[in-house]
2 protein chains.
Amino acid sequence: MSASRTARERARAELIREIKAVARRQLAEAGATGLSLRAVARELGMVSSAVYRYFPSRDDLLTALIIEAYDDIGEAVERTDAALPREDLIGRWLACCRAIRDWALAHPHEYALIHGTPVPGYAAPEETVIPASRNGRALAGILRDAEAAGVLAPPTDLPPAPASFAEDAARLREHIFPPVSDDVILRALIAWTWVYGAVSFELFGMYRDVITDRAAAFDHGVLCMARMVGLPLPDGERPANG
Amino acid sequence: MSASRTARERARAELIREIKAVARRQLAEAGATGLSLRAVARELGMVSSAVYRYFPSRDDLLTALIIEAYDDIGEAVERTDAALPREDLIGRWLACCRAIRDWALAHPHEYALIHGTPVPGYAAPEETVIPASRNGRALAGILRDAEAAGVLAPPTDLPPAPASFAEDAARLREHIFPPVSDDVILRALIAWTWVYGAVSFELFGMYRDVITDRAAAFDHGVLCMARMVGLPLPDGERPANG
DNA sequence: CACAAACGAGAGCAGTGCTCTTGACATCGG
DNA sequence: CCGATGTCAAGAGCACTGCTCTCGTTTGTG
């Protein structure tokens with residue numbers, strides 16, 4: 001299985017790896033539209049048509065890189081989460097969100113690839129749907145542990161989820177979310193949305209001349225979102241209330 | 001002034017307008033990277049090099065289109081806001097956010113241009129910074145009216161803004177925000193971030209197989225954000241509390 | 001051993017952004 | 001009124017792109 005039989009297959013797998021490695025480097029330097037199959041081939045010392053033996057088109061190579069990027073950020077978040085004590089819920093939540101931001105800042109072009117404008121005529125294939133949900137899964141796992149520990153206390157002064165969300169909530173509850181109310185599930189999606197919105201805004205320059213200490217502002221937003229879904233805030237961040 | 005003197009100047013202005021119109025149509029159809037100077041020229045019945053007399057490079061044409069897009073969405077929001085009674089604060093807030101979403105859904109490629117991945121080596125020039133803040137200004141205006149009416153009641157169970165935000169808050173308070181606390185200003189920025197994050201997620205397919213009734217979910221998120229900044233919720237959405 | 005599949009190399013097609021030169025035209029000063 | 005000046009569209013051309021096709025050659029297998 002893992003040990004490819006023939007030398008040809010081993011060479012093929014190795015070459016695919018090399019192509020992806022070079023492509024990823026070029027992607028990191030020049031961005032998605034700057035990724036050139038010919039340039040990749042040139043750097044590898046072969047001719048452009050040879051690359052087409054391994055990736056039938058430029059978009060296929062791009063798709064492979066997108067999947068790698070999803071895996072990369074997904075693994076970064078999961079590793080961060082796994083390194084923390086399970087009972088430190090808010091610490092895990094904050095760390096996971098920070099991991100997303102840190103990864104994005106370290107890999108701006110790859111982040112743009114997976115959370116930015118889809119390339120020209122490029123439609124995200126089905127293969128990219130599953131890895132895209134990994135980060136959401138990690139955050140949902142924290143919610144699950146919070147629910148199991150009985151510490152989930154969502155604020156009651158927010159509007160109720162719309163009735164049309166009930167079916168979605170039921171499906172999500174079956175697959176990745178703990179058995180919490182529709183409200184909490186939708187708020188978790190809102191939080192998930194915000195995290196990526198904030199990272200995108202920061203990366204695409206929207207906070208220029210607006211927010212200086214973006215790391216601190218990001219943490220603050222993440223804690224606000226945690227409060228919204230019902231996670232207990234750390235003592236230092238809990239406001240004075242009677 | 002407005003009446004250009006020579007026939008040559010008039011012809012030039014007219015041609016610039018035509019180029020931008022054709023380019024915008026092509027942009028709407030094929031996206032940013034699908035915008036081809038040669039194709040624009042072809043459709044206008046002239047040769048590619050002639051276009052360079054009016055736009056020194058493809059990026060300059062793109063920049064012009066970006067500015068137009070900012071103006072377009074900015075005007076859409078402001079017109080929406082102006083059409084509502086000033087005292088209907090939450091109605092204006094909701095309508096403005098909906099206007100952003102509606103515009104983005106109607107002009108996905110242009111939205112991607114201004115809030116998606118920056119094009120390859122393209123760095124957003126200074127001209128695009130000012131029009132980018134128009135939408136934020138509209139939302140801040142609602143906050144201003146709410147503060148003036150004395151109905152701003154931000155929840156107290158959220159963490160306080162970090163100290164490092166004080167300088168930014170002071171500057172923003174001088175320019176576009178009403179004299180409210182640092183907390184409220186930062187929460188408004190969080191809300192602003194969320195709105196665009198949600199629109200981007202929807203547009204880029206992140207809600208596929210997650211949220212079905214995206215309009216309702218968007219409204220719900222917008223109301224949650226309104227509650228977070230302290231706007232009074234409409235009666236129908238206010239949860240039962242004592 | 002023979003045959004088929006896989007392979008690298010090269011030529012070629014249609015397209016791109018952009019530059020440079022050329023010749024026609026309009027505008028303005030003397 | 002006429003010539004100098006500047007603007008214009010057009011075309012050729014450069015370097016690049018994704019992609020296809022055809023060559024021999026190499027490699028693995030029946």
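A, B, ... follow the sequence lines: proteins, then strands. Residue 1 opens every chain.
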Chemist: Please check the phosphate of D:dC8 (OP1 and OP2 only) for any side-chain N or O of B:R12 closer than 4.0 Å.
Modeler: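 Result: yes.
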Chemist: Categorize B:F55 for me: base, sugar-phosphate, or nothing, with a 4.0 angstrom heavy-atom threshold over every strand shown.
Modeler: nothing
Chemist: Should A:R42 be listed as having a side-chain N or O under 4.0 Å from OP1 or OP2 of C:dA9?
Modeler: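 Indeed not, no polar side-chain atom of A:R42 lies that close.
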Chemist: Distance check: side-chain N/O of A:Y52 vs OP1/OP2 of D:dT22, anything under 4.0 Å?
Modeler: no
Chemist: In whole angstrom, give the distance that lies between atom CG of A:L62 and atom P of D:dG18.
Modeler: 11 Å
Chemist: Do B:R38 side-chain and C:dG17 base share a donor-acceptor contact under 3.5 Å?
Modeler: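 Side chain to base: pair found, below 3.5 Å.
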Chemist: Check whether the side chain of A:R8 and the base of D:dT26 form a donor-acceptor pair under 3.5 Å.
Modeler: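 It does, because a donor-acceptor pair links the side chain of A:R8 to the base of D:dT26 below 3.5 Å.
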Chemist: Got a salt bridge between A:E29 and A:R25, using NZ or NE/NH1/NH2 to carboxylate O under 4.0 Å?
Modeler: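 Salt bridge present between A:E29 and A:R25.
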Chemist: Nearest whole angstrom, please: distance from the P of D:dG18 to the CG of A:L35.
Modeler: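 That distance rounds to 7 Å.
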Chemist: Using atom CD of A:E9 as one end and atom C1' of C:dA6 as the other, report the distance to the nearest whole Å.
Modeler: 11 Å
Chemist: C:dG17 C1' sits how many Å from B:D60 CG, rounded?
Modeler: 13 Å
Chemist: Could you tell me the separation between the CG atom of A:L37 and the P atom of D:dT20, rounded to a whole number of Å?
Modeler: 11 Å
Chemist: How about A:D60 and A:S57: does a side-chain donor come under 3.5 Å of a side-chain acceptor?
Modeler: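 There is such a pair between these side chains.
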Chemist: Which nucleotide, C:dC18, C:dT16, C:dC7, lies nearest any side-chain atom of B:R58?
Modeler: C:dC18
Chemist: Assess the residue pair B:Y111 and B:S200 against the criterion (side-chain hydrogen bond (donor to acceptor under 3.5 Å, both in side chains)); give the C-alpha distance rounded to whole Å, side-chain angles, the decisive distance to 0.1 Å, and a yes or no.
Modeler: CA-CA 9 Å; B:Y111 178 85; B:S200 295; 3.0 Å; yes
Chemist: What residue among A:W192, A:Y196, A:Y70 forms side-chain hydrogen bond (donor to acceptor under 3.5 Å, both in side chains) with A:N135?
Modeler: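 Between A:N135 and the candidates, side-chain hydrogen bond (donor to acceptor under 3.5 Å, both in side chains) is satisfied uniquely by A:Y196.
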Chemist: To the nearest Å, give me how far apart CG (A:L15) and P (C:dA9) are.
Modeler: 10 Å
Chemist: Quick one: A:E43 CD to D:dT17 P, roughly how many Å, whole number?
Modeler: 13 Å
Chemist: Do the side-chain N or O atoms of B:S36 get closer than 4.0 angstrom to the phosphate oxygens (OP1, OP2) of C:dG17?
Modeler: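 Answer is yes, contact under 4.0 Å.
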Chemist: How would you label the contact of A:L61 with the nucleic acid (heavy atoms, under 4.0 Å): base, sugar-phosphate, or nothing?
Modeler: nothing
Chemist: Which one, D:dC19, C:dC7, C:dA9, comes nearest to the side chain of A:M46?
Modeler: C:dA9
Chemist: Could you tell me if B:Y207 and A:T193 have a donor-acceptor pair between their side chains, going purely by distance under 3.5 Å?
Modeler: yes
Chemist: Looking at A:R24 and A:E110, is any side-chain nitrogen of the basic one under 4.0 Å from a carboxylate oxygen of the acidic one?
Modeler: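 Here A:E110 pairs with A:R24 in a salt bridge, since their nearest N and O are under 4.0 Å apart.
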Chemist: May I ask you to evaluate whether B:R53 reaches the phosphate of D:dC8, defined as a side-chain N or O under 4.0 Å from OP1 or OP2?
Modeler: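 Answer is no, no contact under 4.0 Å.
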Chemist: Atom CD1 of B:I16 and atom C1' of D:dC8: how far apart are they, to the nearest Å?
Modeler: 13 Å
Chemist: Is there a donor and acceptor pair, one atom on the side chain of A:S49 and one on the base of C:dA9, closer than 3.5 Å?
Modeler: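 Under the 3.5 Å cut-off, the side chain and the base do form a donor-acceptor pair.
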Chemist: Which listed nucleotide (D:dC19, C:dG8, D:dT17) is nearest to the side chain of A:S48?
Modeler: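 Taking heavy atoms from C-beta onward, the closest nucleotide is D:dC19.
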